[in-house]
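Read through the structure below, which is laid out as structure tokens, and then see the notes.
Side chains included, hydrogens not; waters and symmetry mates left out as well; all remaining heavy atoms used. Every chain is numbered from 1 and lettered A, B, ... according to where its sequence line falls, protein lines coming before strand lines.
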There are 2 protein chains.
Amino acid sequence: MHIVVTGANGFIGRPLVNRLARLGHQVVALDRTVEPCPGVEVVVGDIADLAVLGHAFAGGCDAAVHLATIPGGAAEADPAGARRVNIEATMALSEAAAAAGRRPRFVFASSIAVFGNALPPIVDDDTPLRPHLVYGAHKAMIEQWLATLSRRHALDALSLRFPGIVARPPAPSGMKSAFMSDVFHAVRGQRAFTSPVAAEATFWLMSLDAVLAAITHALTLDAALPEDRTVTLPALRLRMDELVTTIARHAGTDPALVDYAPDHDLQASFGAYPPLIAARGEALGFRPDGSPDALVATALDTIAKQEISG
Amino acid sequence: MHIVVTGANGFIGRPLVNRLARLGHQVVALDRTVEPCPGVEVVVGDIADLAVLGHAFAGGCDAAVHLATIPGGAAEADPAGARRVNIEATMALSEAAAAAGRRPRFVFASSIAVFGNALPPIVDDDTPLRPHLVYGAHKAMIEQWLATLSRRHALDALSLRFPGIVARPPAPSGMKSAFMSDVFHAVRGQRAFTSPVAAEATFWLMSLDAVLAAITHALTLDAALPEDRTVTLPALRLRMDELVTTIARHAGTDPALVDYAPDHDLQASFGAYPPLIAARGEALGFRPDGSPDALVATALDTIAKQEISG
């Protein structure tokens, strides 16, 4: 397949491009900076630039994976700038993909931020969308747009709602959920860490490997898709202190180096994720990590690989 | 109240501005062309122009009524152009309104196009949004955005889903539902008219007077608003042939001058609106026209006034 990947130089994009190329796909890697990758066509530029989009889709499009985004924290700091990427460029991108292919599969990196802060006792596929963050509203709006384009047979879209993904590199990401990755680096490195959420805070997590498997699955999934074209990815629900002790056990370090000083905003956004029943995603063949232990082991492995690759 | 009205020179905007000024409000009338109106501040320009928005909101904002839009037919012909007005400019406008006031009421002209074509046997407040038109998707996306801004206490929004509104002037409007108004002009003027929907087509209608009353009500409504900030306006459901005979009876003309040649697209979009139970709107005090006779009489009166003023 001819697959265009945006955000191709990011935490998810880089290994995804490698994996898709290894699987034999013709990959176009689009980002503001992209490292050369054997067998991959690189397009350097901003997705908000129509000329860049034209270039990226010049060879046609069997599928696209749209990862580029202005994430939660960055979008709060600059809502108008976030709108240009998350809404305007994303809509233009969807139109370019539709024009370049015959109803191409369009995999959109949505987010559990569409649910907002005031969550019911259980979240499932019927939970209404009540985004609170600018970022979450943007994701919900694009889900609606892609469902419409799918209804019109312009695209064949699937919006995957990502939970927290670990472990991102230690660099600033603009993500409000960055602490979920930072704690991996700190505990593994035997460094003191102050958790910005309470010990009993619960959230939904997925390893990078599980996310890559989900995207790869979504690209070729040949099943009746839900009318609204959304899938909340099945994720593990972990307590913050459980995450800390599991990392410490795997890394052979001391979990007592972590203390807890909940930040009001982060605790409100991430402190109390209820049980998640992602039946629709499970039925479509999407899988969470096998256990907290497996998730932590995989995430620590990702960090080790990041250090090697630089 | 200091009220900014966009689309102020339109079919709804012009009489709305007059009415609000008569009620003693300080009105800013914003449109690409605006006729002078005593006691009304006029801002001429495009809502996609940030400088124009700055000018319109320079005096503050207690409330805004956002009517400007690229309607259904025009949006299908130019989706990217429609996006710039219906999404980009509308989001910028909402941010400008939020910045100019203390949680101003923001009345948004949404549309029943958010429901799409494949309607269930009854439409009510729980009917899922499945837009099919570009225009309907844009409206659904902005509803989501305004609900988020309301949740964040930046705005106090209310999205009113308008049904077909009669009778618009005979000029081209870019609206797919233009035939609902055109039939008034033809039957009243004793001219032959070919209906682009079947005689038994059913749709939801509201007179301009009822819409103006709804907007005025929405501006000052002091009640607990629904979490998603949407109200489907209660509307009358009429059959096309019932509409024709009612107009003819009021106008004293011959309904046999209308024949029926359903257009595939219009029949799909407007041919089979099921019963509408707008309980939420009724509970909030929104009212449909009293009867088909009252609706037609009011619409004919609107046409007579347009001829005098126009």
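Without hydrogens or angle criteria, B/Arg105 side chain to B/Asp156 main chain gives a donor-acceptor distance under 3.5 Å. Looking at A/Thr232, its side chain never comes within 3.5 Å of a backbone N or O of A/Arg161 through a donor-acceptor pair. Remark: side-chain polar atoms of B/Asn86 are paired, donor with acceptor, to backbone N or O of B/Ile70 under 3.5 angstrom.
Listed by sequence position, B/Ile87, B/Glu88, B/Met91, B/Ala92, B/Glu95 are the residues of residues 87-96 of chain B in contact with chain A, using a 4.5 angstrom heavy-atom cutoff. Inspection of non-hydrogen atoms places A/Leu129, A/Arg130, A/Pro131, A/His132, A/Leu133, A/Val134, A/Ala137, A/His138 of residues 127-138 of chain A under 4.5 Å from chain B.
In this structure the side chain of B/Leu221 reaches within 4.5 angstrom of the side chain of B/Leu158, judged on heavy atoms. Taking 4.5 Å as the limit, every side-chain heavy atom of A/Pro274 sits out of range of all side-chain heavy atoms of A/Pro121. In this structure the side chain of A/Phe162 reaches within 4.5 angstrom of the side chain of A/Ile215, judged on heavy atoms.
Neither the backbone nor the side chain of A/Glu143 comes within less than 4.5 Å of any heavy atom in chain B. In this structure, chain B has heavy atoms under 4.5 Å from both the backbone and the side chain of A/Arg152.
Side-chain contact annotation: B/Lys139 with B/Thr69, donor-acceptor N/O pair under 3.5 Å present.
Remark: B/Asp126 does not engage B/Arg280 in a salt bridge, criterion side-chain N to carboxylate O under 4.0 Å.
Summarising the geometry, atom CD1 belonging to A/Ile165 is positioned 9.5 Å from atom CG belonging to A/Leu205; distances are rounded to the nearest 0.5 Å.
What you find for A/Ala75 and A/Ala82 is that their closest heavy atoms are CB-CB, 3.6 Å.
For the set A/Gln144, A/Arg151, A/Arg84, the count of heavy-atom pairs under 4.5 angstrom toward chain B peaks at A/Arg151.
Counting heavy atoms of neighbouring residues, nucleotides and ligands inside a 6.0 Å radius, atom NE2 of A/His55 does not exceed 12 of them.
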